Amino acid sequence: MVTIDDYQGQVTAWCPGCGDFGILQALKKALVDLKLEPHQVLIVSGIGQASKLPHYMKCNTFNGLHGRILPVATGAKIANQELVVIGVGGDGDNYGEGGNHFLHTIRRNIDITLLVHNNRVYGLTKGQASPTSDPGFISKVQPQGVISSSFNALSLAISLHASFVSRSWSGDIDHLSWLIKEAVQHKGFSLIDILQPCITFNKKNTYRWYKERIYKLAEEYDPANRLAAFKKAEEWGDKIPIGIFYREKKPTFADQLFGLKKGPLFRQRLDPSQVMPLLETLS
Amino acid sequence: MVTIDDYQGQVTAWCPGCGDFGILQALKKALVDLKLEPHQVLIVSGIGQASKLPHYMKCNTFNGLHGRILPVATGAKIANQELVVIGVGGDGDNYGEGGNHFLHTIRRNIDITLLVHNNRVYGLTKGQASPTSDPGFISKVQPQGVISSSFNALSLAISLHASFVSRSWSGDIDHLSWLIKEAVQHKGFSLIDILQPCITFNKKNTYRWYKERIYKLAEEYDPANRLAAFKKAEEWGDKIPIGIFYREKKPTFADQLFGLKKGPLFRQRLDPSQVMPLLETLS
Amino acid sequence: MSVDFTLKIGGEAGQGMQTIGYALSKTFARSGFHLFANQDYMSRIRGGHNFFQIRVKEEPVYASSEEVDILIALDKATVEMHRPELKEKGVIIFDGEHIDISGEPSHLLSVPLERLAREEGGNKLFSNSVAVGGALGILAYQFDILAQVLKEVFVKRGEEIVENNIKAARAGYDFMQKNYKDFCLSPLRSGRSDKKMLISGNEALSLGAMAAGCKFMSAYPMTPSTGIITYLAGKAKQCGLVAEQAEDEIAAINMAIGASFAGVRAMVATSGGGFSLMVEALGLAGMTETPLVIIEAQRSGPSTGLPTRTAQGDLEFVLHASQGEFPRAIFAPATVEDAFWSVVKAFNVAEKYQVPVIIMSDQHLADSYLTCKKFDVSKVKIERGIISDAELAKIKDYKRHRFTQSGISPRALPSQEGRIVITDSDEHDEEGHLSEDLEIANKMAQKRLKKRQGLASEIEPPKVYPHENTEIVLIGWGSTYGALREALDVLINKGMDVSLMHFQEIWPFPAQFVSSILSKAKKSFCVENNATGQLAHIIRAETGKEVTAKILKFDGRPFSWQYIIRELKKGGKRWSL
Amino acid sequence: MSVDFTLKIGGEAGQGMQTIGYALSKTFARSGFHLFANQDYMSRIRGGHNFFQIRVKEEPVYASSEEVDILIALDKATVEMHRPELKEKGVIIFDGEHIDISGEPSHLLSVPLERLAREEGGNKLFSNSVAVGGALGILAYQFDILAQVLKEVFVKRGEEIVENNIKAARAGYDFMQKNYKDFCLSPLRSGRSDKKMLISGNEALSLGAMAAGCKFMSAYPMTPSTGIITYLAGKAKQCGLVAEQAEDEIAAINMAIGASFAGVRAMVATSGGGFSLMVEALGLAGMTETPLVIIEAQRSGPSTGLPTRTAQGDLEFVLHASQGEFPRAIFAPATVEDAFWSVVKAFNVAEKYQVPVIIMSDQHLADSYLTCKKFDVSKVKIERGIISDAELAKIKDYKRHRFTQSGISPRALPSQEGRIVITDSDEHDEEGHLSEDLEIANKMAQKRLKKRQGLASEIEPPKVYPHENTEIVLIGWGSTYGALREALDVLINKGMDVSLMHFQEIWPFPAQFVSSILSKAKKSFCVENNATGQLAHIIRAETGKEVTAKILKFDGRPFSWQYIIRELKKGGKRWSL
Ligand SMILES: Cc1ncc(C[n+]2csc(CCOP(=O)(O)OP(=O)(O)O)c2C)c(N)n1
Ligand SMILES: Cc1ncc(C[n+]2csc(CCOP(=O)(O)OP(=O)(O)O)c2C)c(N)n1
Ligand code: SF4
Ligand code: SF4
Ligand SMILES: [Mg+2]
Ligand SMILES: [Mg+2]
């Protein structure tokens with residue numbers, strides 16, 4: 001039986017008190033609850049504080065480039081559908097540098113779970129605004145305060161027909177680990193935008209700030225209604241909802257791919273003679 | 001008085017009958033109607049059939065890289081706010097290769113008008129699916145048909161709080177040129193997604209196909225309601241609405257930038273002695 | 001005299017030159033001739049001026065010629081542009097009812113292409129089939145073979161189209177035989193060569209990938225590399241592979257890296273602009289030691305440049321691309337046959353050394369067709385360099401990036417029970433965890449760079465033809481081989497003491513070999529499709545030796561052997577402005 | 001004996017070493033000393049091990065030393081790691097109430113840092129000010145200067161913080177004087193140097209850009225270049241410029257190109273990974289002939305590598321980056337003073353020749369502080385190369401890319417009445433319209449490449465110090481200057497016949513000059529912060545000459561002069577594994 005200890009990783013390099021710890025804990029818990037062994041799981045991360053996470057776990061890890069989590073995860077999942085592939089990274093990683101992949105991975109509905117540690121700031125590079133920083137957020141590079149509007153990943157994902165759109169936060173490990181389990185079990189692309197205090201660089205969106213605002217979507221809330229989901233996703237300010245905003249069953253990318261009909265790619269025997277009939281047609 | 005002739009450009013290299021011609025005509029008409037002289041206008045384009053457009057006009061032109069229309073346009077507009085800056089390119093340019101810039105330029109609400117020639121295919125590279133191709137669209141690279149969901153630029157833009165979100169089509173020059181005028185006059189980022197038949201590579205979304213489906217948003221339609229706009233933007237199929245889906249007045253990027261308070265950047269005298277007091281602080 | 005003639009079909013984009021040029025090529029190929037066909041097309045879909053040029057020869061042929069025997073002019077511009085290329089006895093086939101040509105009429109063969117097309121096929125679209133039939137008519141060659149080829153080429157479009165094309169071609173054939181009997185070249189008899197394939201560079205690269213067991217390919221469309229994903233996507237179902245069009249080139253290469261990490265052979269193909277966007281992830285492959293094959297199909301730059309034209313302008317870029325230092329291999333196939341085998345080898349080298357391998361193609365190679373013997377697929381060996389389950393079971397403490405003598409660490413795949421595989425774009429320890437330790441950083445960098453030695457031992461030195469120890473050495477790389485080879489044969493025939501040193505594998509650089517060849521020659525000329533002489537620059541950096549002169553061309557068009565000889569006579573140039 | 005001592009502050013990230021290290025540096029700088037301070041930090045925000053090292057000298061100083069006089073250990077790890085660097089008479093200042101140090105106690109100066117901090121400042125956060133005060137105490141140096149500096153450094157955080165810092169520092173100072181009188185080094189008197197600035201590489205680069213009139217800068221944060229956008233953004237309002245954080249590096253460079261096209265001086269700054277993403281648009285600048293300044297701050301690669309450490313691993317990459325061929329210039333400032341002037345020159349060269357100019361910085365240059373004379377801003381000349389309205393009025397038929405003798409075409413800005421400005425990433429005609437014409441393509445490529453000549457004439461050959469014609473030549477480029485210069489002085493003092501040839505401008509390569517220097521020397525050693533010897537490779541490619549040996553270092557840490565001398569004694573290495 002797999003236990004939390006099986007997922008014990010390296011010594012962390014995060015600031016003591018950082019929200020990242022909660023996410024790490026919730027992820028381990030979810031995987032153990034799902035009875036997944038470390039070798040069955042692949043975490044793909046980028047570069048940033050969040051993206052260091054897989055080193056603090058113990059499972060297959062591809063810690064790639066800043067912003068390129070999703071394409072690596074996509075390639076890995078296509079090659080080996082048997083792996084549970086989880087993307088992990090920051091708001092800069094996924095919504096800044098990696099914005100284009102975010103759009104198009106949603107369109108593919110490939111069976112990957114994406115955890116975005118949304119601390120609304122660039123942590124590792126020391127505190128610049130991120131796409132999710134609030135207008136007015138002041139940093140050394142934004143001394144007059146952010147003047148662009150804030151990136152709402154949830155409404156954007158809903159607008160793109162994402163099949164699983166959710167939010168949690170690092171301060172509620174039970175909720176987050178429940179959500180991760182739902183997301184991993186969902187067949188298709190699952191987004192979990194995780195609100196996370198950065199105690200060092202985001203003095204606005206603190207633990208307390210979130211604590212005062214966050215509430216769970218009501219039991220009655222119906223995550224099957226896209227328009228309602230869009231509306232809900234727009235809610236932000238004094239009250240911040242968490243939970244599954246939208247969920248839809250639809251075929252995944254790999255389900256449909258002709259090229260996978262012969263079975264998982266990585267299990268296929270490589271057979272040069274395959275090309276003989278093709279060469280024939282050239283004569 | 002500026003006339004259409006002042007905008008006479010090079011010989012076109014488009015396929016006879018292509019929807020691009022209608023867009024070219026509408027754009028020229030709009031600029032003339034707006035009494036803009038060629039030297040007041042800068043068109044920034046990318047690479048693709050659509051992006052060849054500025055050569056068939058006659059005005060300041062930066063024909064840059066595939067996918068990079070918006071950042072070039074952004075830089076140019078920041079440097080010289082007096083220019084009317086118009087981005088022109090294809091659906092591949094703007095929603096494929098350039099997807100990330102699309103997101104973040106909307107967030108900036110910089111005063112640029114973007115014309116997307118949305119032929120729902122990669123024209124110049126000979127017919128591959130684009131992000132806006134319908135699921136099931138068959139091409140040589142997608143012989144099993146597209147399996148990703150189609151990119152709806154309008155709902156995405158609305159989800160990102162774009163301040164001017166609209167659609168027209170190449171088959172209605174009056175509507176399109178009216179819309180371009182509205183967009184250029186709008187202060188902030190304006191998106192015009194222009195449905196355009198590609199007679200060579202998109203045998204599905206033909207002139208006739210559009211003609212049968214397209215209708216104009218009703219007079220009563222209120223473009224100030226975001227939620228309604230989102231709903232409207234989702235309408236697609238037997239009926240396809242065109243017009244201004246969403247419009248909102250809000251400060252533009254340049255309006256707010258501290259760095260522009262001293263006036264347009266390109267008019268400023270370059271003064272090395274500016275740094276003297278700064279050097280002083282280093283002693 | 002043995003057969004050697006050139007047929008050129010010119011017209012606007014959209015007139016179907018590619019299709020009929022291919023059909024005609026196939027007809028000759030099937031008839032036992034050697035053949036080289038190249039294409040010149042604009043970056044547009046309709047209009048403008050394109051051509052398809054076929055050189056047919058009894059003896060092996062390597063490149064096109066500047067002189068044309070039969071010019072099929074589908075529009076007037078073709079006549080204007082290419083008339084000067086016509087041989088003394090050359091003929092122009094054109095539609096006199098639509099094109100008005102002045103000048104010496106003796107070689108002007110007016111054929112009512114459109115009329116015959118309408119009469120026989122019911123549509124003027126069949127004009128070019130009429131023209132093709134006409135061309136065959138003037139050669140008095142067997143019509144049956146063409147008919148069969150047309151059938152194969154058009155079969156997907158339905159029986160009627162097939163029939164009409166054949167009828168149209170027949171009409172052209174008959175018209176020619178009837179009206180221009182005197183102009184007929186000496187009737188062509190079948191060539192003597194045994195059965196050949198007719199294959200383009202892009203097809204050969206794609207087939208090489210499939211033969212090597214490439215299971216994942218991702219790309220963003222970009223001329224002249226698009227043909228590769230097109231080919232592979234077409235076979236995906238049949239052969240069980242995935243060819244994915246990515247949202248951009250950055251995604252394409254990162255997907256391929258992900259797929260490779262997860263255990264399949266993966267490849268990307270692009271051109272210079274797309275490769276530019278892949279540069280960061282090239283370093284990722286280097287750092288994470290993930291095998292990867294990249295096809296970089298060069299076109300004329302800088303920037304968007306001439307998107308549909310050929311060049312060899314990216315060599316030094318590819319060699320040094322990405323920040324920091326890590327080993328890589330660079331191949332530059334010289335012919336379509338080479339193209340096939342280079343991909344096969346690239347996958348083996350990539351997996352054996354866990355490095356990126358880059359294959360430099362170009363528009364000229366990608367789009368040209370050549371006849372060649374069927375590839376002997378039984379010779380394809382697949383060496384994966386992945387440790388077996390049995391070996392893995394013996395390792396107690398599996399570490400993906402273990403320090404080893406060769407620099408090659410044991411590569412296991414994720415998902416094997418009891419082992420986990422970790423890697424990182426940051427500098428990392430043997431396990432793959434990120435590390436900032438000075439000692440580890442030093443050792444890990446050395447471990448990676450050590451692989452250069454093994455890699456170097458894999459490299460074939462440049463081929464020297466016909467033999468070493470000549471007074472003059474021509475030097476080339478990649479797709480210029482054909483023109484160089486043709487030039488060489490002419491020069492040798494003229495009694496010159498000259499040889500060709502041609503690179504098909506460029507990096508790690510075979511410095512010693514090259515140095516020794518150059519030491520023996522009195523004069524050396526580096527022939528490159530670029531403006532600065534990049535291979536010459538690398539040769540000097542690696543051997544200290546400077547070539548006597550460079551013969552360069554950078555207008556987007558390939559070399560002809562005639563051009564090379566002309567420039568050689570001028571003494572080449574040290575290109576300086 | 002004249003003053004030359006080294007003070008090192010070590011501790012965890014987040015302990016404020018940067019701030020107090022800077023305050024201490026400023027104190028010495030203001031006291032008339034020369035000073036060099038460098039930083040070593042990890043890619044994390046809290047914890048781990050960082051240090052800030054200051055070398056103070058009466059004579060000019062160029063680099064840090066391996067030997068430490070005063071080690072301020074804010075944690076135990078610092079003691080463990082850096083004790084071996086301590087000089088015989090060196091001392092360690094540490095908090096004995098919290099850190100337990102064993103071993104020879106004679107140089108262990110335990111100070112109750114935390115307790116004093118709490119007592120005097122009310123918070124243990126002031127511990128490091130106590131330590132700094134203590135360091136000054138042991139030097140028996142004037143406390144007032146430090147007090148003044150602390151005031152300036154903390155003024156933005158409010159009066160109370162200022163006061164508490166000063167009190168804490170005072171307590172440390174007094175404690176030291178009282179308890180460790182005997183350990184006090186010979187009391188420090190003020191240096192003799194006139195007033196100096198204390199400035200870091202990033203500050204110098206930023207100020208250079210501002211002096212040159214850079215009005216637009218865009219970047220995506222990336223160590224070690226982030227300091228530049230941070231600095232400029234801080235001055236945006238005051239100086240009327242825009243510093244925009246882009247969504248990614250591709251956007252950053254394309255924005256800068258757009259801004260430059262529209263008429264302002266524009267710049268980007270990044271590190272290798274970000275530069276990789278900018279490569280495609282580098283070619284765009286080359287093709288559209290849009291002036292652009294790029295600061296490439298190198299860090300240890302490949303890929304993400306060691307994100308906060310130094311390297312010189314990107315030179316050949318930057319030199320050949322982007323498909324196709326176009327002229328560019330590459331500078332590599334050797335010192336902070338150089339950094340300032342290199343940016344000023346870069347803008348002039350970029351605009352005069354309408355090319356991209358790349359400045360190679362690195363973490364060592366970016367983050368190190370050096371004392372130097374105030375820059376004489378009156379010497380800044382701005383040459384824009386934009387044609388004036390008057391000139392423009394004289395041109396009837398304005399063509400942005402007109403063929404000219406020099407290759408430089410008239411650059412007008414969009415928005416001038418009666419003229420339009422057109423350019424294209426495709427090959428284009430003189431007007432700027434896309435063209436596929438063979439002749440035009442050829443001429444336009446030549447026109448662009450012609451600019452190399454003019455560019456070459458702008459390049460300063462490498463500085464040779466102290467004079468030419470020595471038996472041994474050391475060769476270096478960029479930020480290694482300091483260590484090389486210090487090593488050289490030592491070697492010369494020892495009577496060696498040695499000189500230093502140091503590149504601050506690398507491309508176009510001053511081949512003739514370099515060749516002549518190398519011809520005269522018996523032995524040459526190329527010293528580079530990379531694993532393959534990239535400058536040495538370029539030297540050979542450009543001159544055919546091979547250096548005798550390379551002295552390389554690629555563990556992310558800068559050279560020390562001691563390291564260079566040690567390696568030189570070993571004869572350098574032809575680095576092969
Ligand atoms: C191509 C590239 N650009 C920039 C960087 C520098 N960089 C490292 S982490 C980071 C942002 C971190 O922010 P985020 O992704 O939100 O993660 P966090 O540290 O906040 O968890 C940046 C810009 C990089 N590594 N690669
Ligand atoms: C970096 C890069 N990748 C790929 C290309 C090749 N390319 C040229 S145009 C084009 C797509 C054209 O489609 P779209 O933008 O929709 O324009 P259209 O031709 O349909 O008007 C592509 C992929 C390129 N020029 N640059
Ligand atoms: S900087 Fe912020 S996000 Fe990073 S570890 Fe510290 S608290 Fe967490
Ligand atoms: S290919 Fe399509 S989009 Fe391009 S010019 Fe032709 S019809 Fe228009
Ligand atoms: Mg973040
Ligand atoms: Mg399109």
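All chains are named by letter (A, B, ...) in the order of the sequence lines, taking the proteins before the strands, and each is independently numbered beginning at 1. These figures come from a predicted structure and were not determined experimentally.
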Inset, instruction - Starting at CZ of Phe151(A), measure out to CG of Leu156(A) and round the result to the nearest 0.5 Å. - result: 4.5 Å

Inset, instruction - Compute whether any side-chain donor of one residue and acceptor of the other, for Ser155(A) and Glu234(A), lie under 3.5 angstrom apart. - result: yes

Inset, instruction - Using non-hydrogen atoms and a 4.5 Å limit, figure out which bit of Ser43(D) sits close to chain A: side chain, backbone, both or neither. - result: both

Legend entry - Exam field: side chain Ser177(A) to backbone Leu27(A), donor-acceptor pair closer than 3.5 Å: no

Inset, instruction - Assess the side chains of Gln142(A) and Ser139(A): does a donor N or O sit below 3.5 Å from an acceptor N or O? - result: yes

Legend entry - Heavy-atom pair with the smallest gap, counting every atom of Pro197(A) and Ser170(A): CD-OG, 3.2 Å

Legend entry - Positions in residues 42-61 of chain A that reach chain D, provided some heavy atom is under 4.5 Å away: Ile47(A), Gln49(A), Lys52(A)

Legend entry - Qualifying residue, where the test is side chain to side chain contact (heavy atoms under 4.5 Å, CB included) with Asn205(A) and the options are Asn118(A), Asp134(A), Leu195(A), Thr132(A): Asp134(A)

Legend entry - Tyr122(A) and Asn202(A) side chains, donor-acceptor separation under 3.5 Å: no

Inset, instruction - Step through it carefully: locate the ring centre of Phe275(D), locate the ring centre of Phe317(D), and say whether they are under 6.0 Å apart. - result: yes

Inset, instruction - Can you tell which part of Phe201(A) gets under 4.5 Å to a heavy atom of chain D, answering side chain, backbone, both or neither? - result: side chain

Inset, instruction - Would you mind checking which part of Ser148(A) comes under 4.5 Å of any heavy atom in chain D, side chain (CB onward), backbone (N, CA, C, O), both or neither? - result: neither

Inset, instruction - Of all the heavy-atom pairs spanning Ile228(D) and Ala269(D), show the shortest one and how long it is. - result: CD1-CB, 3.9 Å

Inset, instruction - Between chain A and each of Glu244(D), Met42(D), Arg44(D), count heavy-atom pairs under 4.5 Å; write down the option with the most. - result: Arg44(D)

Legend entry - Side chain / backbone / both / neither for Pro131(A) at chain D, heavy atoms under 4.5 Å: neither

Inset, instruction - Identify which part of Leu232(D) has an atom lying under 4.5 Å from any heavy atom of chain A, answering side chain, backbone, both or neither. - result: neither

